[in-house]
Amino acid sequence: MNTEATAPAPYTRAQQETDELCAGAIRALSGLAAIRYRGRRLHDGHRPLPIHAAHLQPDAALEDLPSLRGAADSVALRLLHTDAALHKSLCPLDPVARLVFELLEQLRVETLAPDQHAGVIANLRHRFTAWSHAFYDSGLAEDASGLLLYTVFQMCWSRLTARPVLEKTEDFIEATRWSVSSALSGDLAGLRRHRADQAAYARHALAIAHAVDAMLQEAQAARDGSQDAAGDAKAQAAFRLLLDFDSDNEQQPDAAPLGESRAFSDGDGGGAYKAYATAYDREDKAGELVRRALLLEYRERMDAHIASLGINTARLARRFTQLLAVPERDGWSFGEEDGYIDGRRLAQLISSPSERRLFRKEQFLPQADCLVTFLVDCSGSMKTHAQSVAVLLDILLRALDQAGIRTELLGFTTGAWNGGRVKRDWMRARSPLHPGRLNELVHMVFKDGDTSWRRARPDIAALLKADLYREGVDGEAVDWACTRMLARPERRRILLVVSDGCPMDTATNLANDEFYLAQHLKQVVARREAQGAVEICGLGLGLDLGAYYSRSLATSLPASLNNELFSEIAQLIAGRGRR
């Protein structure tokens with residue numbers, strides 16, 4: 001499903017674990033239970049949380065853990081101590097002034113960390129120090145504009161925390177520090193004095209932000225046309241790029257590419273997802289799409305691969321029973337030494353006064369009244385993962401079957417590349433604007449809920465048929481799978497979507513926009529999660545799917561096919577795994 005143009009960087013399980021650790025720290029400090037990382041971006045439920053402080057943009061792949069924890073702790077303090085509406089009403093529009101104001105507000109809340117949280121305070125100090133050193137080492141502080149901003153940041157941090165400026169750069173900033181101290185001294189003192197009062201603090205922060213902006217503009221005007229002007233402008237532009245202030249509108253891509261679709265928001269587009277034609281859509285039994293002899297050949301290949309892995313399926317089945325089964329009443333246990341008196345045995349009190357087994361107890365046995373459906377993305381990019389995915393799902397289906405849990409294996413693709421018959425009909429109609437989904441869907445059933453794993457073994461091997469993999473329309477597939485599940489009698493329904501990226505159908509994207517299918521997928525998942533009848537989670541192959549699914553796990557195949565991975569997937573399915 002990933003296109004070459006928008007292919008995101010791989011997201012490792014180690015990075016996901018770090019994100020979860022940081023999100024847990026934010027929840028603990030802020031008291032907001034819905035804080036989660038979705039697609040490497042912080043969300044409160046489904047609402048993205050923009051972070052507009054320059055030193056809170058660490059790279060999870062490069063930074064050390066104390067830096068990442070420091071950024072998380074700082075975000076938690078911001079959520080706890082900042083009135084967002086007041087802050088937004090006071091925030092200046094000029095990018096440089098806003099850059100300074102945002103950082104000063106973040107430094108304010110950091111000083112409000114309780115003294116008993118020594119680890120939090122150490123993390124905050126480490127994060128700001130690491131960012132300052134990285135900024136200095138990058139060379140951005142070498143020109144006049146960068147040096148001024150860097151010096152002001154160091155002065156404000158030093159005044160607020162009552163700590164000396166960084167020793168590494170103390171001599172470097174001394175001259176600039178001396179030249180601006182007289183203009184800022186009164187407001188610097190006000191920052192420390194009013195740090196517990198956001199409104200009073202903001203007056204001094206705004207004064208510093210506007211003063212710094214004026215200094216930069218004055219310096220720029222004085223050097224305008226000089227040899228250094230171009231370099232200075234470049235440095236100032238680099239500073240402005242430290243923050244993407246437009247990310248309030250959720251335009252910034254997540255790990256799985258996601259953005260705003262004009263076709264949803266424009267009035268001409270109807271404001272909703274639609275399909276241009278559904279006459280060519282079909283639902284097939286996957287086993288009937290492959291010759292029987294070829295299916296058996298695929299099955300033999302899968303069995304050989306599974307045997308070489310050494311996965312303990314029986315132990316995995318017991319794990320699923322522990323996680324998904326709930327105690328259900330299953331009659332009575334008689335002849336007990338305590339419990340309810342069994343009236344049928346009262347005569348034994350006379351014939352055998354020493355007899356104590358006169359009681360009965362309610363008997364409870366673990367019962368898994370649960371349906372687990374696997375929905376596999378059968379788009380072209382998944383073709384490289386076909387064997388590993390088939391083996392992975394076959395082992396999971398077998399273990400769940402042994403645990404007495406009903407399962408389904410479904411897949412989705414398109415009937416043609418680049419639109420097929422639907423696109424031809426659209427072109428014959430002179431290509432009206434905003435046609436919606438512009439391809440013919442193929443939904444495939446590899447195993448239904450009433451068929452055991454043993455009987456479905458050959459059909460599962462159809463996942464290895466390469467020409468089934470074309471393009472993918474995820475939103476409609478998720479809706480289809482949920483509708484199937486709601487028709488089943490099981491009380492708990494869990495859908496696991498296995499994919500390597502965002503929805504991709506070339507004809508649909510070109511006729512609408514590149515985020516049309518992605519936004520529909522997010523809409524469908526949010527609606528189904530809100531209904532609560534089906535639990536939805538995502539298994540990302542080398543990619544974080546958190547932008548779409550609140551419960552997700554990132555993994556890399558085929559290297560990760562081991563008992564540890566299966567245990568993590570079991571936790572994810574049960575709702576106790578990564579979010």
Side-chain angles (χ1 to χ4, degrees), residues 52-57 82 86-109 111 128 131-132 135-136 138-161 165-166 169-170 172-195 197-246 248:
H52 290 328
H55 66 301
L56 299 188
Q57 315 292 331
T82 294
L86 175 61
H87 178 80
K88 185 176 181 179
S89 68
L90 296 173
C91 206
L93 297 177
D94 182 85
V96 173
R98 184 174 180 183
L99 173 64
V100 176
F101 184 72
E102 292 281 3
L103 185 130
L104 291 181
E105 173 59 16
Q106 200 70 45
L107 293 181
R108 179 186 79 85
V109 299
T111 65
F128 186 82
W131 173 79
S132 299
F135 186 91
Y136 171 75
S138 71
L140 282 173
E142 291 180 357
D143 87 328
S145 298
L147 178 57
L148 174 61
L149 286 167
Y150 182 79
T151 302
V152 170
F153 292 163
Q154 298 303 312
M155 292 172 64
C156 293
W157 178 81
S158 175
R159 183 62 65 96
L160 281 166
T161 60
V165 296
L166 301 183
T169 58
E170 183 176 9
F172 176 72
I173 68 173
E174 186 58 35
T176 307
R177 184 183 181 186
W178 179 85
S179 66
V180 302
S181 59
S182 58
L184 304 180
S185 58
D187 290 308
L188 285 172
L191 293 182
R192 176 71 182 177
R193 186 167 57 250
H194 297 294
R195 60 199 174 96
D197 183 342
Q198 181 181 346
Y201 176 92
R203 290 196 296 270
H204 300 287
L206 281 170
I208 292 174
H210 290 307
V212 171
D213 191 28
M215 292 177 192
L216 286 176
Q217 290 184 20
E218 182 180 347
Q220 180 69 28
R223 290 190 301 274
D224 195 21
S226 69
Q227 201 171 28
D228 295 334
D232 189 72
K234 182 179 179 181
Q236 187 167 335
F239 249 109
R240 295 185 184 205
L241 289 174
L242 286 172
L243 295 174
D244 176 12
F245 294 125
D246 292 332
D248 288 325

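Here the shortest heavy-atom pairing between Ala97 and Ala209 reads O-CB, 3.4 Å. Of all heavy-atom pairs spanning Cys156 and Leu188, the tightest one is SG-CD2, 3.7 Å. Listed here is the closest heavy atom pair of Arg195 and Thr111: NH1-O, 3.2 Å. The two residues Gly146 and Phe135 have their closest heavy-atom pair at O-CE2, 4.3 Å. For the residue pair Ser132 and Gln154, the shortest heavy atom distance occurs at OG-NE2, 3.0 Å.
To the nearest 0.5 angstrom, Met215 atom CE is 12.5 Å from Ser145 atom OG. Here the CG-CG distance, from Leu206 to Leu90, works out to 6.0 Å after rounding to the nearest 0.5 Å. Note: Leu216 CG to Leu149 CG = 5.0 Å, rounded to the nearest 0.5 Å. We find the CD-CG distance between Gln106 and Leu56 to be 4.5 Å, quoted to the nearest 0.5 Å. A distance of 6.0 Å separates CG of Leu103 from CH2 of Trp131, quoted to the nearest 0.5 Å.
A heavy-atom distance below 4.5 Å is not found between the side chains of Val100 and Asp213. At least one side-chain heavy atom of Val180 sits under 4.5 Å from a side-chain heavy atom of Met155. By the 4.5 Å heavy-atom criterion applied to side chains, Leu99 and Val212 are not counted as neighbours.
Residues in residues 179-193 take part in these side-chain hydrogen bond (donor to acceptor under 3.5 Å, both in side chains) pairs, two or more places apart or across chains: Asp187-His204.
The distance between the ring centers of Phe153 and Trp157 does not fall below 6.0 angstrom.
For the pair Tyr150 (side chain) and Ile173 (backbone), a donor-acceptor distance under 3.5 Å is absent. No donor-acceptor distance shorter than 3.5 angstrom exists from the side chain of Arg159 to the backbone of Leu191, with no hydrogens or angles considered.
The side chain to side chain donor-acceptor pair (under 3.5 Å) search around Thr176 returns none, not counting sequence neighbours. With sequence neighbours left out, Glu174 forms a salt bridge (Lys or Arg N to Asp or Glu O under 4.0 Å) with Arg177. For Phe101, the ring-ring contact (aromatic ring centres under 6.0 Å, His included) criterion is met by His87, not counting sequence neighbours. In this view, Glu105 and Thr82, Arg108 satisfy the side chain to side chain donor-acceptor pair (under 3.5 Å) rule, not counting sequence neighbours. For Ala200, the side chain to side chain contact (heavy atoms under 4.5 Å, CB included) partners two or more places apart in sequence, or in a different chain, are His194, Asp197, Arg203.
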